[in-house]
Amino acid sequence: MSYSKRHWIAWFVAGFLLLVTTGLLVPLVLYDVERPDGAIAETSKFIGSTARAIGNSIKVKLGVGADAQAGGAEISALGTTLLSTGLIDLKVSRYALLGIPRCPFDVNTPGAIEVDGDGLLLGHCSGRFYKLKLQPDISIEDTGFDLPMFWTEMMSAEPSTATQDNPSLKLLDLLRLQDGRTAVSYTRWNDAYKCFQFAVAILDLDAKPTSVKPVFEATPCIGPHMNDDSVFNGLQAGGRLVQTSDHTLLVTVGDFDLYGGVNQVEGSVQDPKSDIGKIVEIDFSTGAHRHFSTGHRNGQGLAITGDGRIFETEHGPQGGDEINLVRDGVNYGWPYETLGTSYGGGDWFLAKKRGDHSQYQKPVFAYVPSIGISQLMEARGFAEEWDGDLLVGSLKQHTLHRLRLDGDSVLYDEPILLNQRLRDMVQMPGGRIAILTDDYEIIVLEKDRDGRIQAIMAAAPEPAREALQQCLMCHALAVSDATGGRIPFTGIIGRTAASVPGVDYSPSLKAMGTVWTAETLDAFLADPERMAPGTPMAAKAVRDPELRRMLVDLIGKLSAP
């Protein structure tokens, strides 16, 4: 073969390899850009915000950024499992939201949900709205409406803030009003004054609005760079909404992590001229507003009970997530009092005494350590055993907490593991509870009124029931009993090993990283020591293959109907 032919063949092969490599790397690069812990994100933090702004601009141009027009959205049923809790058994159905862009945020908040007829309305964090149907048919409809947040104008004016790990502009919450319209809270860019603004608008989505005029704009409008030169990132924005009359609503306005004490500037939480760190009452018929309560850090949940009481959840710093009974005109103390500490465990420098809450209104309940508290609601008509209880979501612990009230006090707290960061929740027609997760899934909870768990136990072969009873000497059937070493069986198939919060797992089990299937559970029971060296289960291996098959089958049926 001549040199010329070999030369052109070499160039052809090199070009082909370059195209293949590019085709493989581009999706990986875009995926990594979406990840706050990815190599690109870490490198960009090192070399500065310019690289991140370029990365975000590329994403927008390629149709994967926050301004991208979302298309091809789908919803997929992932199946139903059974879950045993302290008072009732649950049917847990999961649905994946596919084809919806992941917002380019450090904490991947998907948005919020609200009841829409017999379905759900999803307000995506980017300001896009989708209508979801879950039963009997499954569908998702892209409404085509985008809430104007002026992302492009912000990128032009302040490119240093337009990064993939900066949630400065986002939809916070939505609420279906009694008149059928939709209230929405969000953060937007004010291009006239070159600042960030918390706003509430009232939308008639069925009319496909062509313009949006906020009914409330919080003061102050926050500049991109504060007095300590930190870049505004939009964290701790609050935004939860409830309707209090035919023309008024309440909204939580967070402290934005810039008014919590460390960065004391004009417009602080305790400043009566500022809306920051307040629960604000808005008359949406006139646009008038007033401060309903003061001294809040980051209101993540807001609910009105059947008897008219108003409960709020808010994040503490390190420790001290609060549940507050909100009353008109009351000061709840932030940033001067908290049951938590500074990050790293030091004293909260504005507090007179560590962990003290005696000068201002105390919370009715607090979590120390924090659970990453989120939305709350009162259970009504879901199950007689739960009626009147508060349901509180958790981001950090991946749990739903059921709180039994005794007057204005919390009698007890039952954590129910759902294995997801729970962002928002609503009660649907028929009593079902729908939960939006940070993994872009919808979890639907129903009471297992057919008694499936009891029926499964009754129908199991006697040797399997006896073996399971022996297991329950150390393990638990209900997730609510999962304390110390009592690992729960219900829901174990499909769960990652050593993933139940509060359980004292052995180091070897923690290191497994295995997702339990019938096959992996069978292998573990046959020889625990081989799969997890040093596990206390080593002496409790089930050597009989037939007994092991029946036991795994029983445990599997307790995980999925």
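For the single chain, residues carry numbers from 1 onward in sequence order.
- Residues Y367 and L339 form no side-chain contact, since every pair of their non-hydrogen atoms from C-beta on lies 4.5 Å or further apart.
- Residues I75 and K133 come closest through the heavy atom pair CD1-O, 4.4 Å.
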**Request:** Begin from the C-alpha positions of R309 and L325 and carry the test side chain to side chain contact (heavy atoms under 4.5 Å, CB included) through to its verdict.
**Result:** CA-CA 7 Å; R309 289 178 295 174; L325 177 57; 3.8 Å; yes

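- What you find for I456 and L82 is that their closest heavy atoms are CD1-CD1, 3.8 Å.
- Distance CG/L121 to CG/L132: 7.5 Å, rounded to 0.5 Å.
- For the pair L87 and R404, the minimum side-chain heavy-atom distance is below 4.5 Å.
- Here the shortest heavy-atom pairing between I443 and R94 reads CD1-NH1, 3.2 Å.
- A donor-acceptor pair under 3.5 Å is formed between the side chain of R465 and the backbone N or O of A460.
- You'll find the side chain of L418 stays beyond 4.5 Å of the side chain of H398, heavy atoms only.
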**Request:** Could you check Q420 against E441 for side-chain hydrogen bond (donor to acceptor under 3.5 Å, both in side chains), going step by step and ending with a plain yes or no?
**Result:** CA-CA 9 Å; Q420 295 259 5; E441 291 185 10; 2.9 Å; yes

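- Contact check for L400 versus L422: side-chain heavy atoms found under the 4.5 Å cut-off.
- Partners of E385 according to the side-chain hydrogen bond (donor to acceptor under 3.5 Å, both in side chains) rule, which considers only residues two or more places apart in sequence or in another chain, are K447.
- The closest side-chain heavy-atom distance from L391 to L376 is not below 4.5 Å.
- Both the sub-6.0 Å distance and the 45° axial angle are satisfied by R102 relative to the ring of Y440.
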**Asked** After noting the C-alpha distance and the side-chain angles of L90 and T85, does the key distance pass the side chain to side chain contact (heavy atoms under 4.5 Å, CB included) rule?
**Response** CA-CA 7 Å; L90 299 173; T85 73; 3.8 Å; yes

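- Side-chain atoms of S342 do not come within 3.5 Å of backbone N or O of G345 as any donor-acceptor pair.
- Using a 4.0 Å cut-off between charged side-chain N and carboxylate O, D142 and K131 make no salt bridge.
- A donor atom on one side chain and an acceptor atom on the other are found under 3.5 Å apart for D413 and H401.
- The main-chain N or O of P533 is found under 3.5 Å from a side-chain atom of S508 such that the two form a donor-acceptor pair.
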**Item:** Full working for side chain to side chain contact (heavy atoms under 4.5 Å, CB included) between I442 and I435
**Value:** CA-CA 6 Å; I442 302 290; I435 302 174; over 6 Å; no

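- Here the CG atom belonging to D389 is positioned 12.5 Å from the CZ atom belonging to R380, to the nearest 0.5 angstrom.
- Proximity of a side-chain donor or acceptor of D321 to a complementary backbone N or O of I373 within less than 3.5 Å is detected.
- The structure places CG of N298 at 10.0 Å from CH2 of W334, a figure rounded to the nearest 0.5 Å.
- Put simply, the side chain of T496 never gets that close to the backbone of S499: no donor and acceptor are under 3.5 Å apart.
- In this structure a side-chain-to-backbone donor-acceptor pair under 3.5 Å is missing from S370 to G372.
- A donor-acceptor distance shorter than 3.5 angstrom exists from the side chain of T313 to the backbone of S374, with no hydrogens or angles considered.
- The side-chain heavy atoms of I493 and V515, taken from C-beta on, include no pair separated by under 4.5 Å.
- Residues L551 and C471 are in side-chain contact: their nearest non-hydrogen atoms beyond the backbone lie under 4.5 Å apart.
- Annotation for D118 and M428: closest pair O-CE, 3.9 Å, computed over non-hydrogen atoms.
- One finds the CZ atom of R240 at 4.5 Å from the CG atom of D173 (value rounded to the nearest 0.5 Å).
- Judged purely by distance below 3.5 Å, without hydrogens or angles, the side chains of R297 and Q236 pair a donor atom with an acceptor atom.
- The minimum heavy-atom distance linking P101 with Y130 is given by the pair CD-OH, 4.2 Å.
- Under the 4.5 Å side-chain criterion, counting only non-hydrogen atoms from C-beta, V444 is not in contact with I433.
- Between the side chain of K540 and the backbone N or O of P528 there is no donor-acceptor pair closer than 3.5 Å.
- With hydrogens and angles disregarded, a donor-acceptor distance shorter than 3.5 Å links the side chain of T252 to the backbone of G299.
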**Item:** side chain to side chain contact (heavy atoms under 4.5 Å, CB included) assessment of L411 paired with L405
**Value:** CA-CA 5 Å; L411 187 61; L405 297 178; over 6 Å; no

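- Salt bridge absent: K91 and D448 never bring a charged side-chain N and a carboxylate O closer than 4.0 Å.
- Put simply, CZ on F365 and CG on N324 are 12.5 Å apart, with the number rounded to the nearest 0.5 Å.
- Taking 4.0 Å as the cut-off between side-chain N and carboxylate O, D89 and R452 do not count as a salt-bridged pair.
- Contact check on D544 versus R548 returns no salt bridge, with no Lys/Arg side-chain nitrogen under 4.0 Å from an Asp/Glu carboxylate oxygen.
- Residues H296 and E314 have side chains that bring a donor and an acceptor to within less than 3.5 angstrom of each other.
- A cation-pi arrangement, defined by a distance under 6.0 Å to the six-membered ring centre and an angle within 45 degrees of its axis, is absent between R495 and W516.
- For E546, the CD atom is densely surrounded, since the number of other residues' heavy atoms within 6.0 Å is greater than 12.
- A distance of 5.5 Å separates CZ of F524 from CG of L509, quoted to the nearest 0.5 Å.
- Here R402 pairs with E414 in a salt bridge; the nearest charged N to carboxylate O distance falls below 4.0 Å.
- The two residues T305 and L390 make their nearest non-hydrogen contact at CG2-CD2, 4.3 Å.
- Checking side-chain atoms of E529 against main-chain N and O of G534 turns up a donor-acceptor pair under 3.5 Å.
- For the side chain to side chain contact (heavy atoms under 4.5 Å, CB included) with F311, the lone residue among V364, L403, V242, L302 that qualifies is V364.
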